[in-house]
Amino acid sequence: MDDFPVPVLWTASPTATLDFYRAIGYTVTHEQTRPYVYLALEAHGCPVHFNSPPKDFAIPAERVGCLVMVDDVAARHRELTAALRAAFGKVPAKGRPRITRFRPGQSRFTLVDPDGNTLLFIQRDEPSELEYGGSSELADLAKVLDNARILRDFKNDDEAAARVLEVGLGRFAATAAPVERARALAMLAEIAVAAEDPERAARYRGEVRALNLSDEDRAAVAVDLGAGTDLERWLTDTR
């Protein structure tokens with residue numbers, strides 16, 4: 001059998017850690033609080049352990065805990081979403097704990113536990129070389145859209161993605177194809193939904209509707225607008 005590492009994360013409250021991970025489907029394989037804290041949990045054959053943080057150490061509010069490589073990242077996101085919704089009454093998308101949203105075609109998402117440990121779930125066969133935005137084959141607003149996609153989907157930085165889109169629209173709106181402007185506005189609407197700002201989301205959607213788009217382009221943009229609608233359901237569904 002090959003060697004494999006086991007991540008050891010920090011917990012400030014063993015009880016809260018155990019309650020959270022049990023709620024999302026982990027099994028406790030070892031529970032110790034004296035003479036020191038040590039917890040071992042496992043899900044899908046993947047262990048994760050916890051102990052107390054160093055004494056008098058300034059712990060970051062959030063930190064990368066571990067990567068979790070999975071065969072079907074979309075299915076795992078659905079599984080965790082359902083468990084979190086059952087435990088909290090809705091999907092926790094802000095603060096701690098929280099889970100990031102997932103769009104078709106993504107290959108990763110993030111789960112943050114109550115202590116700020118970050119578990120990054122990644123599709124096992126994700127390409128080893130990814131184009132992290134700014135493809136040399138793109139230009140102007142199309143390149144801006146690509147950069148914003150990476151900031152949103154891979155770096156989980158909605159604020160940066162929104163800034164890139166707003167600046168890009170300011171620079172290229174006059175020369176960009178209407179469908180590119182519509183896609184940028186639709187992405188901004190989806191980010192506004194994630195920020196729980198329905199007024200801003202409605203404004204961006206209104207700007208999309210006001211654009212002179214062909215039937216083909218409007219159908220293409222409907223997919224981008226649908227991402228915001230899907231996100232609204234994901235955030236508010238209590239089933």
Side-chain angles (χ1 to χ4, degrees), residues 64 67-78 93 99-111 118-195 197 200-232 234:
V64 175
L67 307 182
V68 184
M69 313 305 292
V70 300
D71 291 329
D72 189 339
V73 70
R76 189 62 55 84
H77 189 268
R78 289 193 297 271
I99 187 172
T100 57
R101 61 201 189 278
F102 188 85
R103 285 161 293 277
Q106 269 184 249
S107 57
R108 54 180 66 188
F109 69 88
T110 297
L111 176 73
T118 297
L119 283 67
L120 180 57
F121 290 80
I122 302 176
Q123 181 75 28
R124 197 183 306 278
D125 60 358
E126 180 185 79
S128 58
E129 294 186 9
L130 293 172
E131 178 61 69
Y132 281 104
S135 171
S136 59
E137 298 177 1
L138 301 173
D140 300 340
L141 193 55
K143 193 168 188 174
V144 168
L145 284 162
D146 195 42
N147 283 328
R149 174 184 63 84
I150 294 301
L151 288 167
R152 183 190 65 180
D153 295 351
F154 286 89
K155 296 187 177 180
N156 294 319
D157 194 339
D158 282 350
E159 291 184 5
R163 287 195 299 271
V164 164
L165 289 166
E166 289 164 353
V167 171
L169 281 168
R171 291 184 60 191
F172 302 116
T175 57
V179 68
E180 289 180 351
R181 292 170 57 195
R183 288 190 59 218
L185 291 166
M187 189 180 289
L188 283 167
E190 193 261 359
I191 291 171
V193 170
D197 189 340
R200 187 156 54 99
R203 174 165 58 83
Y204 287 129
R205 288 167 174 162
E207 291 183 40
V208 173
R209 288 192 295 270
L211 289 172
N212 184 20
L213 298 173
S214 67
D215 291 343
E216 181 180 358
D217 286 347
R218 199 165 292 280
V221 174
V223 175
D224 295 316
L225 287 172
T229 303
D230 291 343
L231 177 59
E232 286 175 330
W234 183 73

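These numbers come from a predicted model, not from an experiment. In what follows, residues are counted from 1 in the order of the sequence shown.
For Asn156 against Asp153, the heavy-atom pair with the smallest separation is OD1-O, 4.2 Å. The minimum heavy-atom distance between Ala184 and Leu169, with the atom names listed, is CB-CD2, 3.9 Å. Taking each heavy atom of Val70 and Val73 in turn, the nearest pair found is CG2-CA, 3.6 Å. Scanning all heavy atoms of the two residues, the minimum distance from Ala176 to Leu141 falls at CB-CD2, 3.6 Å. Ala192 and Ala201 get closest at one heavy-atom pair: CB-N, 3.6 Å. The minimum heavy-atom distance between Ala148 and Ala161, with the atom names listed, is O-CB, 3.6 Å.
Between the side chain of Thr100 and the backbone N or O of Thr110 there is at least one donor-acceptor pair closer than 3.5 Å. Side chain of Gln106 to backbone of Arg103: a donor-acceptor contact under 3.5 angstrom is found.
Comment: Lys143 does not engage Asp146 in a salt bridge, judged by the lack of any side-chain N to carboxylate O separation of less than 4.0 angstrom.
The structure places CD of Glu190 at 9.5 Å from CG of Asp224, a figure rounded to the nearest 0.5 Å. To the nearest 0.5 Å, the span separating CZ on Arg78 from CG on Asp72 amounts to 6.0 Å. Between Arg163 atom CZ and Asp157 atom CG the span is 6.5 Å, to the nearest 0.5 Å. Between the CD1 atom in Ile99 and the CZ atom in Phe109 there is a gap of 4.5 Å [rounded to 0.5 Å].
Classification of the Trp234-His77 ring pair by plane angle, with boundaries at 30° and 60°, yields parallel.
The side chain to side chain contact (heavy atoms under 4.5 Å, CB included) test applied to Arg124 returns Met69, Asp71, not counting sequence neighbours. Residues passing the side chain to side chain contact (heavy atoms under 4.5 Å, CB included) test with Asp158 are Arg101, Arg152, Ile191, Ala194, sequence neighbours excluded.
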Q) What's the verdict on side chain to side chain contact (heavy atoms under 4.5 Å, CB included) for Val221 and Leu185, showing C-alpha distance, side-chain angles and the deciding distance? A) CA-CA 10 Å; Val221 174; Leu185 291 166; over 6 Å; no
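With a 6.0 Å radius and a threshold of 12 heavy atoms from other residues, nucleotides or ligands, Arg171 has its CZ atom at or below the threshold.
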Solution key, residues 204-214 side-chain donor-acceptor pairs under 3.5 Å, sequence neighbours excluded:
residue : atom : partner : partner atom : Å
Tyr204  : OH   : Glu166  : OE2          : 3.2
Arg205  : NH1  : Glu232  : OE2          : 3.3
Ser214  : OG   : Asp217  : N            : 3.0
Ser214  : OG   : Asp217  : OD2          : 3.4

